[in-house]
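Only a predicted model underlies this, so the values are computations on that prediction, with no experimental measurement involved.
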Amino acid sequence: ANTCRSLVAYLGASQKFDVQHLLDNYCYVEKARIFYTTGYHLAVSPESIMNLAQHAHSNPDKLFTMNLSAPYISQAFSKPLLEVYPFVDILFGNETEADAFAELNGWQTKDRKSIAKLAADMECRRKSGRTVVITQGKDA
């Protein structure tokens with residue numbers, strides 16, 4: 001039995017998001033301890049992502065986490081991705097997203113353990129460092 005997996009992302013209302021909405025609702029930001037955003041949002045409001053990242057890093061009890069979301073994020077939105085990356089405490093991505101991130105950084109490897117280590121060792125504003133999680137479907 002062949003198993004195929006797919007994801008169809010409908011970006012919908014997220015395409016209308018702007019930093020003013022974030023600022024108007026900052027009471028929720030101040031109460032939150034964990035921020036999770038996707039790479040898709042880099043295409044819409046990188047200013048919002050950077051705001052959340054910097055806020056999280058102004059408080060040692062808060063975490064800023066991000067999902068790479070799709071290979072094209074590392075390709076088409078590399079500048080905002082690399083700007084926010086030093087603030088990322090936990091990075092998530094699948095195999096193809098990890099490969100695209102490795103290519104963006106000029107790493108000549110497709111070995112996922114190596115990519116995870118290289119991505120974890122990149123500049124991090126948090127003394128405790130960064131955790132990188134590369135998902136591999138049904139594989140360990």
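- Results of the ring-ring contact (aromatic ring centres under 6.0 Å, His included) test with His55 over Phe64, Tyr26, Tyr28 single out Tyr26 as the only residue that passes.
- Leu52 and Val19 fall within a single hydrophobic cluster, where Ile, Leu, Val, Met, Phe, Trp and Tyr are joined by side-chain heavy atoms under 4.5 Å apart, directly or via other members.
- Using modelled atom types, no side-chain atom of Arg130 and backbone atom of Leu91 make a donor-acceptor pair closer than 3.5 Å.
- With no hydrogens or angles considered, no side-chain donor-acceptor pair links Asn51 and Glu47 at under 3.5 Å.
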List the steps, then state whether side-chain contact (heavy atoms from CB on, under 4.5 Å) holds for Thr65 with Val88.
-> CA-CA 6 Å; Thr65 70; Val88 175; 5.9 Å; no
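- Of the inter-residue distances, the one linking Gln75 atom CD with Leu104 atom CG reads 9.0 Å to the nearest 0.5 angstrom.
- Under the 4.5 Å side-chain heavy-atom criterion for Ile, Leu, Val, Met, Phe, Trp and Tyr, Phe17 and Leu23 are members of the same hydrophobic cluster.
- Using a 4.5 Å cut-off on side-chain heavy atoms (C-beta onward), His41 and Ile73 make no contact.
- By the salt bridge (Lys or Arg N to Asp or Glu O under 4.0 Å) test, Glu123 pairs with Arg125, sequence neighbours left out.
- Within a 6.0 Å sphere centred on CD of Glu103, other residues, nucleotides and ligands contribute 12 heavy atoms or fewer.
- From Ser69, atom OG reaches atom CD of Glu97 across 6.5 Å, with rounding to the nearest 0.5 Å.
- Between Phe101 and Ala119, the closest heavy-atom pair is CE2-CB, 3.9 Å.
- Using a 4.5 Å heavy-atom threshold, the side chains of Phe92 and Met66 count as separate.
- With hydrogens and angles ignored, the 3.5 Å screen pairs a side-chain donor or acceptor of Lys62 with a backbone N or O of Glu30.
- Looking at every heavy atom in both residues, Met50 comes nearest to Glu83 through CE-O, 3.3 Å.
- Closest heavy-atom contact between Ala100 and Pro71: CB-O, 3.6 Å.
- Screening Ile49, Asp89, Leu63, Val29 against Phe35 for a side-chain contact (heavy atoms from CB on, under 4.5 Å) leaves a single residue, Val29.
- Between Tyr40 and Phe77, the distance from one ring center to the other does not fall under 6.0 angstrom.
- The OG atom of Ser45 lies 13.5 Å from the NZ atom of Lys16; values are rounded to the nearest 0.5 Å.
- A continuous path of ILVMFWY side-chain contacts below 4.5 Å connects Tyr72 to Ile134, so both sit in one hydrophobic cluster.
- In terms of hydrophobic clustering, with Ile, Leu, Val, Met, Phe, Trp and Tyr side chains grouped at heavy-atom distances under 4.5 Å, Tyr36 and Leu81 are assigned to different clusters.
- The number of heavy-atom neighbours closer than 6.0 Å to CD of Gln108, taken from other residues, nucleotides and ligands shown, is 12 or below.
- Here the closest heavy-atom approach between residue Ile115 and residue Ala98 is recorded as CG2-O, 3.7 Å.
- Note on Asp99 versus Arg112: salt bridge recorded, some NZ/NE/NH1/NH2 to OD/OE distance being below 4.0 Å.
- When every heavy atom of Asp18 is checked against every heavy atom of Ser48, the shortest pair comes out as C-OG, 3.9 Å.
- Neither side chain, Thr109 nor Asp111, offers a donor N or O lying under 3.5 Å from an acceptor on the other.
- In this structure the side chain of Val132 never reaches within 4.5 angstrom of the side chain of Lys117, judged on heavy atoms.
- A distance of 9.5 Å separates CD in Gln20 from CG in Asn25, rounded to the nearest 0.5 Å.
- When the side chains of ILVMFWY residues are joined at heavy-atom separations under 4.5 Å, either directly or via intervening members, Ile90 and Phe87 end up in two distinct hydrophobic clusters.
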